[in-house]
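Reckoned from all heavy atoms, side chains included, excluding hydrogens, waters and symmetry mates.
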Amino acid sequence: MYFMLGAKDRRVPPANAQQYVAALRASGSAPPPMVTVFPEDAHGLDKPQTEFEQWLSCVWWLRKHGVA
């Protein structure tokens, strides 16, 4: 799983998502989870630069793990 988090998210605080990621890592899930935190974003992750970075990161992750 690939998690993209907004550091200013009040709906899903990054600490909650990090706990979920830690549980996935402890279970040995494959492929290992990846987390990207966008420091200036909230839940929507809707800033133009963020959207650009999301697509690049997502394609990179999918290719790395043989999904795309």
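Residues Leu45 and Met4 share a closest heavy-atom pair of CD1-O, 3.5 Å. The minimum heavy-atom distance between Glu40 and Lys47, with the atom names listed, is O-NZ, 2.8 Å. Counting all heavy atoms, side chain and backbone alike, Pro14 lies closest to Gly6 at CG-O, 3.4 Å. Nearest heavy-atom pair across Pro39 and Lys8 is O-CE, 3.7 Å. When all heavy atoms of Pro33 and Arg25 are compared, the pair lying nearest together is O-NH2, 3.2 Å.
Looking only at side-chain heavy atoms (C-beta outward), Val35 and Leu5 come within less than 4.5 Å of each other. Between Phe52 and Leu56, the closest side-chain pair of non-hydrogen atoms falls below 4.5 Å. Here the side chains of Phe38 and Glu51 are not in contact, with every heavy-atom distance at 4.5 Å or above.
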*Please lay out, stage by stage, how Gln18 and Val37 fare under the test side-chain contact (heavy atoms from CB on, under 4.5 Å).*
CA-CA 10 Å; Gln18 293 285 3; Val37 179; 4.3 Å; yes
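Between Tyr2 and Trp61, the angle of the ring planes stays under 30°, which puts this pair in the parallel group of the 30/60° scheme.
Here Cys58 contributes atom SG and Glu53 contributes atom CD; the two are 13.5 Å apart, rounded to the nearest 0.5 Å.
For the pair Ser57 (side chain) and Gln54 (backbone), a donor-acceptor distance under 3.5 Å is absent.
Both Met1 and Val21 belong to a common hydrophobic cluster when Ile, Leu, Val, Met, Phe, Trp and Tyr are linked at side-chain heavy-atom distances under 4.5 angstrom.
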